[in-house]
Structure formats: C-alpha cells, structure tokens
Amino acid sequence: MSIVRTESLTKVYGDVGQPIPAVHDVDLTVDEGEFVAIMGPSGSGKSTLLYLLGGLDKPTSGKVWLRDSDIDALDDDALSRLRRNQVGFVFQFFNLIPVLTAQENVAIPLILDGMPRARALKQADEALARVGLADRATHRPTELSGGQQQRVALARALVTKPSVILADEPTGNLDSRSSDDVVQMLRRAVDDWKQTLVLVTHDSRVAAFADRIVFLKDGKIVDDNRLKGKGNADQIREQLSKMVLS
Amino acid sequence: MTTAHPSNFGSTVWQMTLMGLRYLRGRKLRTVLTTLAIVFGVAMIFAINLILPSMQEAFAQTMTSVTGADLTVTSVSGESFDPEAVLPTVSGIDQVGAVTGILHRQFSLPTLGNSSLGDTAQIDLVGIDPATIEDVHQFVVSDGRFLEPGDSGKALLPAGIAELAPELHVGTTFPLITAGGLKIYNVVGLMAEQGDLSSPQIYVTLADAQAAFNQPGLINTVEVSLAPGADRDAVAANIQQALGDSYTLDQGDSSSNTLAAMQVGLAMFDVLGLLALFLGAFLIFNTFRTVVVERRHDLGMLRAVGATRQQITLLIVIESLIQGLIGTAIGLLVGYLMALGMITAFGQIASNFFHRGDLSLQFSLPGLLGAAAIGLATALIAGYLPARTAGRTAPLEALRPSTPANLMHAARWSLIGGAVVMILGVLLLLTGKQGAAGGAILFLMGMVVAAPGLVIPVARLISPLLSLGFAREGDIARGNLVRQPGRAAITGSTLMIGLATLVMIAALVLSFAALINSLADANFSSDLILLPQSIAVYDTVVGADENLANRVRALPEVQDVGTMRYASSVTADGQALQVMGINPDDYSKVASFTVNEGTPEEAFAALGSDRNALFTAIALSTVGLQVGDDFVLQTAEGPQTYHVAGVANDLFTFKIAAIFISQANLAADFHKTEDVMLLINLVPGADKDAALANMQNILTDYPQFTAHLTGEYKQELADVTSGALVAFYGVAFLILIPAALGLLNTLTINILERTREIGVVRAVGGSRKQVRRIVTAEALLLGLFGAAMGVLSGVAMSYGFIAAFGTVGWDMPYFFPLAGIIAAVVVGVLLALFAAVLPARNAARLDIIRALQYE
Ligand SMILES: Nc1ncnc2c1ncn2[C@@H]1O[C@H](COP(=O)(O)OP(=O)(O)OP(=O)(O)O)[C@@H](O)[C@H]1O
Ligand SMILES: [Mg+2]
C-alpha cells in the first residue's frame with residue numbers, strides 16, 4: 001500500500017524571467033514500511049522534494065498524496081495537523097528548541113495536539129528510551145552532543161507514530177561513529193517499529209542501509225534502484241559519481 | 001498516528017507558558033527593561049485611583065459635616081434665599097417633624113500674625129436659629145451655655161478648637177472677619193463634640209451670620225427632621241415637588257472649587273500614566289518584533305512539527321502577557337507605595353492648611369482592577385501584532401539562513417505613507433483654528449509612520465557631525481542602526497513623543513505667559529488693587545459690604561473705585577457658572593475687558609440694561625450658547641432669563657466658565673452685595689505710596705483683603721504664573737522616562753543581537769574602548785534622530801495647540817519655542833548618552849570566546 005504518492009510534482013523557484021525548476025515532473029510512490037534514500041548532487045532538488053512531501057512547501061504544480069489526502073487541498077491548519085500527526089521530520093540543523101528539555105522537545109508534537117502534558121511526557125520518555133537517551137530526558141539541547149541531538153530529533157519524529165518519517169541529511173553534521181548510531185536507529189525504526197522512511201543523504205554508506213535509492217538530477221528522477229537492504233556502499237558511490245559526471 | 005485531543009487546550013497553554021518564562025529568563029536585562037515601562041504606567045494610574053477617592057472622601061467629610069439633620073435643602077445655584085419661600089412650604093408637608101433655617105459659609109481666614117483663632121486656617125461659620133435648631137439637631141454643651149435667641153456677638157465652639165487655639169475658653173473673645181469689618185465674638189459655650197478640625201464649625205446666631213455675609217434676612221440651608229416612622233424617600237420626593245427645580249435635597253457641597261481643581265491636577269497624572277503605558281506599548285511592540293526575528297528558527301521548527309499559526313501567535317501573546325502580568329503586579333505594588341507616599345506628603349500639607357491629619361488611603365477594588373486591566377491590555381495589544389507576524393512564520397524559516405526581508409522596500413512605503421499623513425496634518429494646521437490640534441496630532445502620527453523611512457536619510461545627514469568625534473566608529477554605528485530601521489524608528493518615535501511634548505510645553509508656557517501679560521496690561525489700568533486671599537475661589541471668601549468701598553472712595557488720593565462681586569449659579573441644564581457682578585459705570589473707569597468683537601465700551605454699555613450677561617469664551621463654549629441667545633439661570637429668586645450680550649475676558653476669569661452681570665442684577669437675583677475685589681484709580685499726580693498706606697490702614701478692619709500697587713501685582717502674578725508653568729516641565733520630564741527606557745531597551749537588544757559580531761571585532765583586535773565608542777555613537781545617532789523628529793513635531797504641536805486654544809477664546813500669540821528646541825536637543829543627547837552607559841560597558845566587557853559561541 002502506498003503511503004506517499006506524487007504526480008508530476010514540480011517546484012519552480014525564481015521569477016518568471018529566470019525560473020529555477022528545483023523539482024521537475026516527479027512521479028514517486030513510497031510504500032508502507034519502505035526505507036527510501038534520495039541521493040543526488042548538490043542542488044539537484046532533494047531537500048525541495050522532501051519539503052514538498054511533508055507539506056512544508058507548496059508545489060508549483062502537480063500533486064502529493066499522503067495516505068489518502070491530497071496535501072494541496074488542505075488549508076494551513078489542516079496542513080499543520082498533518083505535519084503534527086502524520087509526518088515526522090529530522091533535519092540537518094536547528095532541530096531542537098533550545099529552551100525545551102530533550103523530553104519536552106520530543107513531546108512537543110503531542111502537546112501541540114492537545115494531549116495532556118503528563119501523558120505526552122511519558123510517551124516522550126519511551127521514545128527517548130528507544131533511541132537510547134532515557135538518561136538525558138531533562139537535558140537542554142546545548143547539553144547534548146550533536147549525535148545525541150539528532151537522536152532526540154529522531155525520537156520526536158517517532159513519538160507520534162507518523163505515516164512517514166522525512167529525514168534531510170540527518171547525519172550530515174556528524175562524525176562517522178555518531179552517524180552510524182543514527183542510521184542504525186533509522187533502520188530499526190523501519191524494521192522493528194514498522195515506520196516508513198524517506199531519507200536524503202550525500203553519504204553512500206548511509207544510503208546503503210536503505211531498501212531503495214532514488215537518484216535525482218536537476219530536479220528529475222534519473223534512477224530508482226531497489227536494493228532490498230543488500231546495497232553496497234562502493235557500488236552506490238560509483239553510480240552517484242557516474243551520474244554527476246554525465 | 002495519534003488522535004487529536006482538542007479538549008486539552010490547557011496542556012498546550014501550560015507548555016507555552018513554561019517556554020515563555022524560559023525565553024524571558026534567558027534575556028533578563030531586556031525583560032526587565034520592557035517590563036519597567038508597564039510598571040511605571042500601571043503604578044501611576046493605580047496611585048491616582050487610590051488617591052482620588054481618599055481626597056474626595058476627605059473633602060466630602062468636610063463639606064457635609066454641617067448636617068446632622070434627616071434632610072437638608074439648598075438652592076441649586078448654591079446661593080442664599082428667602083426663608084419665607086421655603087420654610088412654610090416644607091413644614092406644611094406631611095410627616096415633616098421640624099424645620100430650621102441656617103446660613104453658613106466655609107471660608108479661609110487671613111493669615112493674621114496674632115489671630116486669636118490660633119492655628120485655624122479655615123472655618124465654617126454657621127448661623128442658626130436657637131429657637132428651632134434643637135428640634136432638628138442635638139447639641140451637647142459641655143461648658144458654658146447654648147446660644148439663645150437675641151444673642152449677638154456670641155459664639156459656640158466645638159471642643160476640638162482647644163487644639164487649635166488653646167487660649168480660647170468660655171468667656172474669652174476672638175475677632176472674626178465679616179463683610180462689615182472685623183467683629184468681636186464672645187465664647188459663650190463649648191460643645192462636647194470634637195468637631196472637624198480642618199474647618200471647625202463656629203455657631204453664631206442667624207442674625208450675626210447674616211450680618212457677617214451682608215445677607216440680611218437670608219438663609220442658604222434648610223434642615224428638616226422627620227416625624228417618627230416617616231418614609232424618608234417619600235417625604236424627600238414631596239419636598240422636592242413642592243419646592244420645584246430651584247432647590248435640591250441632600251446635595252453635599254462636594255463640587256467645591258478646590259476639589260475640582262485638585263481633580264484636574266490628578267487627572268493630569270492619569271494622562272501621564274496612560275502616556276507612559278502608550279510608550280510602554282511601543283517598547284513591548286519593539287521588543288517582540290525583535291523576538292520574532294530572533295526566534296525564526298524555533299518558530300519555524302515548531303511549525304514544522306505541527307504548530308498551527310494560532311498556536312504560534314498564542315505563544316508570543318502568552319509571553320507578552322507574562323511580562324504584562326509581572327509588570328502589572330509590580331506596578332500595583334509600586335503604585336500603592338507611591339500613593340502612600342503622596343498621601344503622607346499631602347497629609348502634611350493638608351494638616352498645615354486644613355488641619356486634617358487623618359487623610360488615609362482608601363483601598364479601591366475597582367481602581368485596582370482598572371489599573372491592572374489597563375496594564376494587561378497594553379501588553380496584550382502591543383504583543384499581538386508581532387505575535388501575528390510570528391504566526392505567519394513559514395516552517396522552512398527554521399532551515400534557511402536568515403534572509404533580511406525587504407526592509408528597504410517597506411521603509412520607502414512607510415516614508416511615502418507618513419509624508420502623505422504629515423502633509424494632511426500641515427494642511428489642517430494651516431486651514432484654521434478648528435482643526436489645528438487635530439492637524440498637529442496627524443502630523444505627529446505621520447512622523448511615527450514615516451520614521452522607518454527617515455532613519456536612513458537622517459542617519460546619513462547626522463553622521464558627518466558624528467564623525468567629528470567618532471571617526472570610524474561612527475560609520476559602524478550608523479551601519480548598525482540602519483540595519484534595523486524599524487527598531488530605530490520605534491525608539492526614535494518614543495523619544496520623539498517625549499521631546500515633542502517638551503517643545504510644546506515650552507511654547508505653551510511662553511505663549512501663556514504672554515497672554516497673561518497682555519490681559520493684565522489690557523484689563524488692569526487701575527493704580528491700586530484690593531484682593532481677597534484667594535482669587536477665583538470666591539465661594540470661600542468673605543467680601544466686604546459697601547462701607548469698605550465708600551471709605552476708600554473718601555480718601556483724598558482716590559478718584560475712582562470699581563468693585564467686583566460674586567455669586568455661584570447653574571444654568572437650566574445644570575452647567576455651573578461663576579457670576580461676576582460689576583457696576584459698568586464705575587468698573588469701566590478702572591478696568592477693561594478683552595473682547596472678541598466690538599469694543600469694551602459697547603460691552604460695558606450692554607450690562608447697563610435689562611438682564612444682560614457677558615460670557616467668558618470658555619463659559620460660552622461650555623454652555624453651548626451664541627451671542628444673542630437667551631438662557632435661563634438659576635438664581636436665588638428662582639430661574640431667570642438672561643441674554644448673552646457679548647464675549648468678554650479678563651485676567652481673573654479667562655480660565656473659568658464665568659459671566660459678568662450688573663451688580664444691580666446680582667443684588668436682585670442673588671442677594672449678593674459683597675465686594676470681593678476693588679480696583680482703584682488715584683487722582684492724577686497723587687502720591688501712590690501715601691495712598692497705599694492709607695488703604696492699608698482701612699484694611700486693618702478688613703484683613704480678608706490686601707492692597708497692592710497694580711504694577712507690583714502684575715509682576716508678582718507673572719512670577720507666580722511662570723512658577724506654576726515650570727511644573728509643566730516636570731510633567732514633560734516624567735514623559736521622558738519611558739523614552740529613556742526605550743533607548744536603553746533598543747541599545748541592549750542591538751548589542752545582544754550582535755554579540756557574535758562584537759566577539760569577532762574583539763577577536764580581530766578591536767579594543768574595548770572602540771566597542772564602547774561604537775555603542776555610544778549608536779546611542780547618539782538614535783538620540784539625535786529622536787530629537788530631530790521631536791523638534792519638528794513639537795513645533796507642529798505647539799502651533800496646532802496654541803491655534804486650538806484660540807477657538808476657546810484664548811488668543812495667544814505664537815512664539816517660536818527656540819529655548820524648548822535647544823532643550824529638547826540637549827535632553828535627547830543627554831538621554832542617549834545616559835542610556836548608552838550600561839549597554840556600552842556590557843558590550844565592551846563581553847568575553848570573546850563566549851561571544852563567538854553565542855547563538
Ligand atoms: N528558497 C529558494 N529560492 C530560490 N531557489 C531555491 C530555493 N531553495 C532552493 N532553491 C534552488 O532549488 C534548487 C534545489 O535546491 P535543494 O535545496 O532542493 O537542493 P539539494 O539537492 O537539497 O542540495 P544540497 O545537497 O546542497 O542540500 C537549487 O538550485 C537551489 O538553488
Ligand atoms: Mg539539501
């Protein structure tokens with residue numbers, strides 16, 4: 001069953017005189033339980049595509065369906081609720097709110113949804129435990145390492161049990177060890193907790209964990225590769241560099 | 001997937017409150033500065049709300065303490081009346097027990113060196129009918145005896161008089177001013193009752209009181225006692241019906257002139273409090289606009305994880321409400337302490353003047369709630385706009401590096417919009433008197449609107465000046481300022497309002513003083529003037545009967561004597577008017593009027609016939625009449641129709657709602673024949689000093705008057721006027737406090753925002769001194785910017801308001817307020833330098849490493 005589906009999705013930046021098509025005519029379907037990596041050269045439209053999928057940005061044309069709802073038809077409030085309940089985001093930077101503790105940062109989507117605070121915090125604790133940070137619940141983001149911060153962000157994405165988790169270079173800022181921790185956590189989210197995951201990355205070692213790799217270039221899908229978890233990082237790197245050169 | 005919990009709104013609000021508190025704690029200095037403005041405003045308003053009722057209470061006590069009766073009847077005009085017109089009617093009414101007539105007046109005693117009433121400053125002389133008073137009102141005599149019919153020169157005093165004048169006992173005597181000169185009274189008894197020491201009641205016979213006020217056969221109060229078991233309201237209604245509109249029941253004299261004057265004074269403080277809150281609103285607005293930009297990442301991230309626009313708006317509103325709450329709470333406390341301080345200070349004055357030491361603070365819940373509501377509303381309203389902007393933060397803001405919005409574009413539009421409003425304001429200013437004040441306000445508003453667009457050009461204009469003292473640092477400071485034109489504009493606007501007020505007050509003071517001078521010159525051509533202790537509060541004055549004028553007239557040096565008399569009155573619709581009586585033939589020889597139309601001679605001539613009245617410009621506009629109209633005046637003889645014969649002002653009446661009528665009419669309709677002021681012309685070539693000495697000799701019998709050479713008096717008056725007007729400068733300076741807070745706030749915000757930049761400057765070798773100089777230069781630029789705008793709008797405001805005063809009949813000359821302008825610039829610069837001290841030091845002391853890590 002498809003969780004995310006796009007149809008001729010296009011996003012054009014810039015003015016009429018000098019249009020920059022960041023995403024161009026993309027048809028993409030992500031099935032339930034799938035772990036999709038999106039790769040491509042810098043400026044190929046990966047982030048833009050991810051934002052469109054999560055309702056953070058409006059397409060210039062084309063459509064995005066999340067489960068059965070047509071995102072374009074939603075007003076701002078409904079879209080906010082959709083992001084709150086159906087989508088989990090992990091970004092490369094600025095993921096956490098500095099004045100909130102780790103626990104509160106994780107609980108914030110639940111609290112915004114009106115869940116009683118005590119219950120939300122309890123669920124947050126469970127999510128933090130899943131990412132191995134049970135003992136850091138009351139710490140502020142500034143008291144956490146970069147990798148820990150990304151794991152808190154992941155816990156926040158997991159806590160609502162969303163339809164899809166969208167991660168934009170969640171490991172882009174981390175050293176290789178922290179990066180491995182985070183990616184393994186992501187893999188477990190798919191395998192153990194049956195989450196659907198779309199991840200943007202530059203790193204072929206990260207992409208190798210995915211079930212499927214979608215290559216973007218100049219806003220278009222140029223390759224869609226099903227690896228079923230048997231991806232090989234070198235192979236992926238090679239494919240990527242070929243594409244950049246072509 | 002979670003399900004929605006729309007019912008649990010509280011959870012979200014609580015979390016947002018926690019966040020708000022933490023954000024506020026993270027920016028302590030800024031929070032304190034923003035909150036202070038609210039504290040200041042709420043404190044002012046609350047203090048006034050506390051003091052006013054206390055004062056009213058105190059005065060109401062003084063005013064109503066005469067009556068121990070079930071009901072009292074007075075005339076609507078407040079003047080005396082014939083007892084035959086009232087007593088028989090009232091006593092004939094069902095269920096009325098007894099009635100008695102009283103003539104009493106409260107008046108200040110002249111400060112005689114050796115007054116035998118000791119420290120008493122004011123008394124209530126009560127003339128009673130000993131035959132009937134005790135049926136209405138119980139007296140317990142503790143020493144001596146009660147008054148008896150036929151007593152003359154006998155007085156009954158309250159026990160408390162012993163505190164004021166210990167030497168008074170039964171059997172001793174004391175002199176008292178009367179319209180017929182000093183009269184000696186014999187103390188025949190003391191009452192058990194302590195009495196009101198602020199204005200002790202001295203009981204004499206009705207005949208003595210009538211003589212003292214030169215009102216033979218008249219009374220001004222009827223006291224009524226009810227038959228046992230009577231229905232008070234029904235009897236009151238019957239009395240009212242029987243007596244008609246000219247009389248009123250149970251009206252305590254609480255609308256005294258003194259109280260009214262004090263209320264005006266206190267209302268000024270209320271206005272000041274509101275102004276402070278208005279500026280406070282500016283500060284909050286400014287702060288939260290910055291907050292929204294500063295928190296772009298946080299807000300965007302909240303949006304990305306599902307916060308709706310309203311939730312983001314709510315977050316910011318909650319935060320500004322927290323500040324409002326804290327500010328209001330502290331403000332209420334400070335206000336209470338302020339009120340306590342003021343009432344203590346006032347109590348001192350009051351006990352000196354009125355011997356009233358028991359002035360206590362009346363706690364008022366509505367006052368508290370009102371002040372609190374205003375404080376919170378300010379925070380709410382000021383926080384709402386930035387909060388709405390915050391709600392519009394796009395989720396992607398969290399991920400983008402900061403993109404300066406199209407500031408220049410917005411600034412240009414604000415400049416155009418503001419200029420249009422300002423031009424409209426100037427047109428209104430120039431078209432005429434009616435709209436001039438509105439034009440001035442419009443100009444000021446236009447200035448506020450245009451301010452963001454003015455920042456850059458004005459900064460460019462000023463900075464060459466600055467580069468003299470600051471070189472490179474000046475350029476950097478200008479760059480910093482121009483980066484946030486909106487913020488600089490708001491700060492400049494707060495300062496502008498303060499400084500414009502300063503300029504306006506300076507101009508008004510000049511013009512007002514000139515007006516007084518010209519009125520004094522035009523009106524008082526006489527050589528000498530005899531004045532009562534207090535001018536313009538004639539109802540607490542005991543004047544003189546015609547003997548004084550006759551004795552003065554008989555002096556060899558004197559050629560002409562003109563007198564002024566007084567009565568209080570109300571129009572048919574209840575507007576209070578002070579009625580001044582003159583004899584046009586005599587008065588025109590010693591004084592003149594300033595008239596808007598025709599000549600003073602015509603005005604005097606009009607008073608010679610019929611029931612004609614000349615109105616002061618203020619009286620005409622309060623009552624809403626035109627020259628030529630007829631109107632009904634409540635007199636001691638019932639309602640009488642008078643005719644508006646013209647408009648006339650003089651020095652003593654131009655500020656009040658007063659009318660002039662002939663003394664013949666005043667005597668006939670108001671039974672008033674006391675002179676409250678005498679103007680005297682000497683025979684040409686007469687020795688002024690000798691005349692003055694003779695005059696003073698006569699006045700030993702009338703110590704309620706003092707004699708002045710008119711020239712000297714004018715000088716004295718000019719001094720008093722400018723002294724009083726200096727108080728207005730105090731007001732202007734109070735308004736500058738929030739402006740100073742605004743400056744401090746902006747400078748602090750600017751530095752916080754640039755913490756990392758300052759770190760870089762220091763890291764690449766900038767010295768502490770240089771950092772300090774940059775901040776100081778920035779403050780100076782802001783100060784000069786505010787001063788420039790303040791001077792411009794101050795000139796507009798002063799022009800507009802002086803023109804507007806013309807519409808109420810005060811034709812004030814306009815003086816360009818050069819001194820005020822210089823003062824405004826100096827004050828602006830000083831404030832800026834003062835406000836810069838702390839932020840400059842903080843910036844210079846920043847730890848380089850921590851500054852570089854600052855997010
Ligand atoms: N807000 C914007 N305004 C204008 N152009 C934009 C905007 N955001 C992105 N673009 C352009 O759209 C294109 C795609 O950008 P996008 O951020 O999606 O690339 P990306 O694949 O995520 O790159 P990277 O790997 O460097 O993160 C780029 O050419 C970029 O310059
Ligand atoms: Mg990207």
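- At a threshold of 4.5 Å between non-hydrogen side-chain atoms, the residues B:S11 and A:M115 do not count as touching.
- Contacts classified as salt bridge (charged side-chain N to carboxylate O under 4.0 Å, His left out) and involving residues 189-199 of chain A (residues at least two apart or in different chains) are given here: A:R187-A:D191, A:R188-A:D192.
- Chain B forms more heavy-atom pairs under 4.5 Å with one residue of A:D76, A:L96, A:D77, A:D168 than with any other, namely A:D76.
- For chain B, the nearby parts of A:L56 are the backbone and the side chain; heavy atoms of each come within less than 4.5 Å.
- For chain B, the nearby parts of A:N95 are the backbone and the side chain; heavy atoms of each come within less than 4.5 Å.
- Crowding of B:W14 atom CH2: a count of heavy atoms from other residues, nucleotides or ligands under 6.0 Å not exceeding 12.
- Listed by sequence position, B:R309, B:Q310, B:Q311 are the residues of residues 309-319 of chain B in contact with chain A, using a 4.5 angstrom heavy-atom cutoff.
- Within the 4.5 Å cutoff, side-chain heavy atoms of B:M301 are placed close to those of A:F91.
- A side-chain donor-acceptor contact under 3.5 Å links A:R83 to the backbone of B:R303.
- For the pair B:H297/A:I97, no side-chain contact is recorded, criterion being any heavy-atom separation below 4.5 Å from C-beta on.
- Residue contact with chain A, scored on non-hydrogen atoms closer than 4.5 Å, involves the backbone and the side chain of B:L302 alike.
- Under the side chain to side chain donor-acceptor pair (under 3.5 Å) criterion, A:D175 pairs with A:S178, sequence neighbours left out.
- Counting only residues at least two apart or on different chains, the salt bridge (charged side-chain N to carboxylate O under 4.0 Å, His left out) pairs with a member in residues 99-110 of chain A are A:E104-A:R117, A:E104-B:R22.
- To the nearest 0.5 Å, atom OG1 of residue B:T308 and atom CG of residue A:L112 are 7.5 Å apart.
- The shortest side-chain heavy-atom distance between A:I108 and B:Q15 falls under the 4.5 Å cut-off.
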